[in-house]
Amino acid sequence: MRIAMCFSHFQLPRCQIHTLYGSWWKKVNNLSKKQENVSNYQLLCPGGWDSRRWIQKSLSTGAEGKNVSSRKATNLSHKVNDVSSLTHSNLNTSSVEIEEFKSVHIEQKTSDNKDISKCTTVIVFDIETTGFSRENDRIIEIALQDLSGGVNSTFQTLVNPDMIVTNQQIHGISTYMVNKSGVPRMKDLIPILVRYVRSRQKPGGQTLLIAHNGKTFDVPFLISEFNRCSYEIPSDWHFVDSMSPARELMKAEGSTLSSKSLQTLREYYKIPQTGKAHRAMADVSILALVLQKMTRDLKLTIPGLLENYSFTASEISNNSKKKKNSK
DNA sequence: GGCCCTCTTTAGGGCCTT
């Protein structure tokens, strides 16, 4: 009931949660089984996959766009207030303000890698935007996938940018699709997004969010949007740019791998294109599969990713400020 | 815009993200 109040406050009448176990999830499931992906994920998840990982329920604002026809929304009548029964119990929505998160410093964690792996939530995410400029462009779509799987392991939504979309040819997202009532604006979405991520966190654990080219695009863009809406990225969100391990892979593979782009990595690992490239959820599902292959090849674990590749939003912000001041 | 590589660091160019 408190959730309902929250969304009422946000004025998101079309925010909905529904079962997305349509052909998309089936494809991913079948694809993963065919490609022996399930066991490979154990590199990222030394404790092994949770048996719930292929349970097929996802979270969406209901504004994921018409182009995602393969993900048939089979239960649109489920309202957002049902989220309390479908996600973890800590979706406290009595206040629209984001609580100060308890920081979990990597260096304070136990040296036992298994414990780190068990308490770390790994989420792959991707954004689509109206362009490359963090100052002038806006996010128009965001998608996340918790690699531990289970109920509501994915989250996706279109975002109303309050501006004309001029790069529809890239992602297929039109002005008409996002500039209308029912599609949440970023300022309304951020609290929902933060609560979703929190709902995926393990008790006392930390979150590792992975995006391709995230260090120079997705994360700075996200920081910019949070700041524009007077929010801050939670301090216990750690990020990894999958481009970094991709560079290592390129060094190891030499000319076999010609580029570190997501599409090249997808082709390298013979992962079929599911959905339209440059739609957020399609790219997330590809990156999730690329990651499992890449971490296997590089023998990377979650502690390894945290130690060698992770960064925080504050580090990105501080670096940006230093560079501005030095100019 | 930022990272990385190299024909480099007193620099320039390619890549990657939408």
Side-chain angles (χ1 to χ4, degrees), chain A residues 64-65 67-68 124-144 156-175 177-179 186 209-228 239-269 273 275-288 290-291 294 298 305 308-327:
Chain A
E64 67 272 33
N67 285 5
V68 198
V124 174
F125 78 102
D126 185 49
I127 59 173
E128 303 302 320
T129 69
T130 57
F132 292 123
S133 170
R134 299 197 293 272
E135 292 181 357
N136 302 319
D137 290 307
R138 295 287 180 269
I139 292 174
I140 52 174
E141 187 176 42
I142 188 164
L144 302 89
Q156 62 171 329
T157 185
L158 291 173
V159 183
N160 186 341
D162 281 323
M163 64 183 289
I164 294 172
V165 179
T166 58
N167 60 346
Q168 181 184 348
Q169 74 281 4
I170 300 294
H171 36 59
I173 300 171
S174 67
T175 303
M177 289 167 66
V178 292
N179 281 281
M186 203 63 200
L209 294 122
I210 305 178
H212 203 61
N213 202 27
K215 195 165 192 176
T216 57
F217 183 73
D218 300 74
V219 178
F221 220 114
L222 211 54
I223 292 171
S224 179
E225 289 280 59
F226 268 62
N227 290 343
R228 184 175 62 81
F239 296 94
V240 161
D241 183 347
S242 52
M243 194 91 83
S244 298
R247 286 191 191 96
E248 297 299 316
L249 188 66
M250 279 186 73
K251 288 178 187 174
E253 295 300 312
S255 58
T256 309
L257 184 59
S258 59
S259 159
K260 50 190 177 297
S261 73
L262 184 59
Q263 286 304 313
T264 301
L265 288 166
R266 181 187 64 76
E267 292 167 5
Y268 175 75
Y269 283 123
Q273 178 75 51
K276 186 184 186 307
H278 293 301
R279 283 304 297 265
M281 200 65 229
D283 284 357
V284 160
S285 64
I286 289 170
L287 180 55
V290 164
L291 263 179
M294 194 159 60
L298 295 172
L305 283 172
N308 299 314
Y309 297 108
S310 74
F311 55 91
T312 62
S314 61
E315 287 170 352
I316 295 289
S317 298
N318 292 337
N319 288 342
S320 179
K321 287 176 184 173
K322 284 179 184 176
K323 284 174 182 173
K324 279 185 178 178
N325 292 333
S326 65
K327 287 182 179 177

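Throughout, protein chains are lettered first and strands after them, A, B, ... in sequence-line order, and every chain is numbered starting at 1.
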Take the protein atom [atom1] of [X] and the nucleotide atom [atom2] of [N], then report the distance between them rounded to whole Å.
X: A:Asn213; N: B:dC4; atom1: CG; atom2: P; answer: 11 Å
X: A:Phe221; N: B:dG2; atom1: CZ; atom2: C1'; answer: 15 Å
X: A:Lys260; N: B:dT17; atom1: NZ; atom2: C1'; answer: 12 Å
X: A:Leu249; N: B:dC4; atom1: CG; atom2: P; answer: 16 Å
X: A:Met250; N: B:dC3; atom1: CE; atom2: P; answer: 18 Å
X: A:Glu225; N: B:dT18; atom1: CD; atom2: P; answer: 15 Å
X: A:Leu222; N: B:dT17; atom1: CG; atom2: P; answer: 17 Å

Any donor-acceptor N or O pair under 3.5 Å, side chains A:Thr216, A:Asn213: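 A:Thr216 vs A:Asn213: donor-acceptor pair found between side chains.
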Quick one: label [X] by what it contacts on the DNA or RNA (base, sugar-phosphate, nothing), any heavy atom closer than 4.0 Å.
X: A:Ile140; result: nothing
X: A:Asp283; result: sugar-phosphate
X: A:Asp126; result: sugar-phosphate
X: A:His212; result: sugar-phosphate
X: A:Ser244; result: nothing

Determine the Euclidean distance between corresponding [atom1] atoms of [M] and [N]; express it in Å to zero decimal places.
N: B:dT8; M: B:dG13; atom1: P; result: 13 Å
N: B:dC3; M: B:dC7; atom1: P; result: 22 Å
N: B:dT17; M: B:dC4; atom1: C1'; result: 15 Å

Parallel, tilted or perpendicular, as decided by the 30° and 60° cut-offs, for the rings of A:Phe217 and A:Phe132: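 Answer is perpendicular, since the angle exceeds 60°.
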With A:Glu225 via salt bridge (Lys or Arg N to Asp or Glu O under 4.0 Å) - residues at least two apart: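 For A:Glu225 the salt bridge (Lys or Arg N to Asp or Glu O under 4.0 Å) partners, ignoring immediate neighbours, are A:Arg228.
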N/O (side chain, A:Ser259) to phosphate O (OP1/OP2, B:dC16) under 4.0 Å: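 Yes, A:Ser259 has a side-chain N/O under 4.0 Å of OP1/OP2 on B:dC16.
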Phosphate OP1/OP2 of B:dT18: any A:His278 side-chain N/O under 4.0 Å: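 Indeed, a polar side-chain atom of A:His278 lies that close.
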B:dT17 pyrimidine/purine six-ring stacking with A:Phe132, under 5.5 Å and 30°: yes
